[in-house]
Amino acid sequence: MADQSTSQPRKKLYIETVGCQMNVLDSELVVARLREQGYELTTEIDQADTILYNTCSVRQHAEDKIYSALGRIKHIKRRRPEVSIGVLGCMAQKDQEQILKRAPHVDVVVGPGQLARVPQLLARAREVGSPQLAVSLDRDAGSRATITASFEGYDADREPAMRPSPFQAFVRVMMGCDKFCTYCIVPSVRGPEQSRPPAAILGEARLLVDQGVKEITLLGQTVNSYKYREPDGRITRLSDLLSRIAALPGIERIKFITSFPNDMTDDLLQAVRDLPLASRYIHVPAQSGCDAVLRRMKRMYTVSFYEDMLARMRETVPGVAVSSDFIVGFCGETEESFERTVRLVERARFKNSFIFKYSPRRGTKADELFPDDVAEEVKKRRNNDLLAVQTAISLQDNREFIGREVTVLVEGRSRSTTRREGWDGVDQLTGRTSCDRIVVFEGQQRLVGRSIQVRVEDASAVTLFGEVPTTDRIEAAV
Ligand code: 5AD
Ligand code: SF4
């Protein structure tokens with residue numbers, strides 16, 4: 001359909017995204033498609049003709065937030081029945097018709113494998129006046145090939161306005177997950193693991209770099225498991241993708257998230273070591289520091305395997321920053337198993353850890369097999385305690401940077417800075433080091449998108465505070 005901007009007012013689209021970077025990317029692609037249909041973005045929900053929620057189902061809390069948001073916008077639909085409301089993403093795939101039962105004012109429910117159809121589904125719902133549901137097959141609903149085919153890949157359309165910043169972009173290298181960790185809903189809602197063809201990934205990266213993107217983050221649920229076999233038998237691994245993307249003229253930094261411990265191969269670590277543009281940062285969740293818990297989680301490694309992997313990472317890539325995820329209060333986690341996790345965090349010295357309280361998910365093996373037997377207050381306490389241990393380590397390690405100069409890719413205005421009219425002076429900027437540490441410093445807007453040297457003056461557990469050397473300030477002012 002052609003752009004309708006000349007013939008009628010553009011339809012206004014409001015979109016809210018929760019969850020992981022995959023969802024951020026999915027929203028970008030959905031918005032790109034809808035823009036082609038004459039939509040424009042609005043940040044005012046009351047002005048919108050179409051309201052979309054791109055949802056997450058990894059924890060109950062994320063779902064509750066969406067159901068209450070849907071409750072809050074009931075009045076909009078009552079006042080203006082022509083407004084379309086959509087629930088997209090993982091919760092759509094997980095809850096399916098349940099969403100329409102709980103929120104009958106919803107017009108479209110679209111799983112992550114069906115997002116390319118959002119424009120048609122919105123149009124169809126309007127045309128026939130009844131809700132439209134588009135989800136992929138359940139993981140036990142047929143052969144692997146049929147299920148895989150029901151999760152369509154679509155990554156061609158890009159929408160610069162939806163990116164983290166104009167020069168940062170995500171590129172999906174894999175879809176789905178086959179690990180089936182017992183607590184995790186992702187393999188059910190995002191389908192079987194599929195690696196995208198390298199030509200498609202390279203093509204997309206080239207397009208983004210041509211548009212001025214300087215930092216590309218490759219995305220996959222287990223990104224380091226990436227492997228693509230060409231019909232002639234040639235194999236492309238993540239390390240190959242990194243070197244090919246690093247060769248694109250104009251690119252400044254490449255990252256990849258999230259890694260799985262068992263697939264941390266030497267070729268990948270060597271690529272991170274040898275490619276100056278590769279971020280020296282690897283997110284590789286441990287989830288627990290107790291072998292018995294890891295076994296129940298079906299993580300397929302032991303604590304000592306994980307620590308050997310860490311040692312190998314640090315030996316191969318000096319200065320690499322490693323971050324982790326942990327689930328506290330998983331089924332059967334005793335005080336002793338939790339203590340083991342605390343000790344792993346103390347030994348591992350992660351740059352940071354994302355810590356979550358176990359949230360049972362219907363449809364997962366853990367929910368079926370094990371009782372959720374750790375009390376909420378205990379989960380909360382363990383979460384706080386582990387976070388305190390990690391924060392003390394992050395602070396200590398960040399303070400080591402004081403007095404050093406670091407290379408920072410400048411991302412934009414620091415979030416705490418308020419927007420000023422006609423802003424062109426010196427302000428608080430934020431960026432990241434190659435090892436993914438956030439650096440806040442005073443500088444000019446025109447530094448955004450550039451790699452500069454910053455001298456670290458102070459540090460908190462999450463931020464380095466720096467100063468731009470005078471040469472850069474002068475250069476920035478011209
Ligand atoms: N409960 C709590 N945290 C979970 N995660 C995944 N599933 C659950 C769950 N059921 C966490 C894991 C994963 C991160 C993205 O979310 O730590 O690495
Ligand atoms: Fe979930 Fe495990 Fe797959 Fe990560 S590796 S998405 S935690 S099943």
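One is the number of the first residue; the rest follow in order along the sequence. In each ligand, atom 1 is the first atom listed, and ligand 1 is the first ligand listed.
At a heavy-atom cutoff of 4.0 Å, ligand 1 is contacted by the backbone of K357 but not by its side chain. Proximity of P187 to ligand 2, defined as any heavy-atom pair under 4.0 Å, is confined to the side chain (atoms from C-beta onward). Here F356 has side-chain heavy atoms under 4.0 Å from ligand 1, and that is the only part of it that gets that close. Contacts with ligand 1 closer than 4.0 Å are made by heavy atoms of both the backbone and the side chain of V58.
Between E307 and S304, the side chains place no donor N or O within less than 3.5 Å of an acceptor N or O (distance only, hydrogens not considered). Side chains of R33 and Q120: no donor on one and acceptor on the other come within 3.5 Å. When only modelled atom types and interatomic distance are considered, N54 and T17 share no side-chain donor-acceptor pair under 3.5 Å. No side-chain N or O of E411 forms a donor-acceptor pair with one of T430 less than 3.5 Å apart. Of the N and O atoms on the side chains of Y228 and E230, not one donor lies less than 3.5 Å from an acceptor on the other residue. With hydrogens and angles left out, the side-chain atoms of Q287 and Y183 include a donor and acceptor closer than 3.5 Å.
Atoms of ligand 2 found under 4.0 Å from any heavy atom of K179 (numbered from 1 in listed order, with element): 5 (S). Applying the 4.0 Å criterion to heavy atoms of T222 picks out, from ligand 2, the atoms 5 (S). The contact set between ligand 1 and Q287, taken as ligand atoms under 4.0 Å from a residue heavy atom, comprises 12 (C), 13 (C), 17 (O), 18 (O). Heavy-atom contacts of V186 reach the following atoms of ligand 2: 6 (S) (cutoff under 4.0 Å). For ligand 2, the atoms lying closer than 4.0 Å to a non-hydrogen atom of F180 are 8 (S). Listed by number with element, the atoms of ligand 1 under 4.0 angstrom from any heavy atom of R59 are 1 (N), 2 (C), 3 (N), 4 (C), 5 (N), 11 (C), 16 (O).
Protein heavy atom in closest approach to atom 1 (N) of ligand 1: S359 N, 3.0 Å. Among all non-hydrogen protein atoms, the one lying nearest atom 3 (Fe) of ligand 2 is C177 SG, 2.2 Å. For atom 1 (Fe) of ligand 2, the nearest non-hydrogen atom of the protein is C184 SG, 2.3 Å. Of all protein heavy atoms, the one lying nearest to atom 7 (N) of ligand 1 is Y183 CD1, 3.3 Å. Protein heavy atom closest to atom 14 (C) of ligand 1, with residue, atom name and distance, is D325 OD2, 3.4 Å. For atom 7 (S) of ligand 2, the closest non-hydrogen atom on the protein side is Y183 OH, 3.3 Å. The nearest protein atom to atom 6 (S) of ligand 2, hydrogens excluded, is given as Q221 CG, 3.4 Å; this is a heavy-atom distance.
Contact of the Y53 side chain with the L88 side chain is not registered, since no non-hydrogen atoms from C-beta on lie closer than 4.5 Å. Contact annotation: the side chain of Q96 approaches that of D138 to within less than 4.5 Å [non-hydrogen atoms, C-beta and beyond]. The closest side-chain heavy-atom distance from L29 to L115 is not below 4.5 Å. At a threshold of 4.5 Å between non-hydrogen side-chain atoms, the residues K298 and K365 do not count as touching.
Side chain of K351 to backbone of S324: no donor-acceptor contact under 3.5 angstrom is found. No donor-acceptor pair under 3.5 Å is formed between the side chain of R343 and the backbone N or O of F338.
None of the N, O or S atoms belonging to C181 lies under 2.8 Å away from atom 3 (Fe) of ligand 2.
For R299, the heavy-atom gap to ligand 2 drops under 4.0 angstrom.
Distances between N or O atoms of Y358 and those of ligand 1 include no value under 3.5 Å. Distances between N or O atoms of R361 and those of ligand 1 include no value under 3.5 Å.
If you look at H283 and F354, their ring centroids are closer than 6.0 Å.
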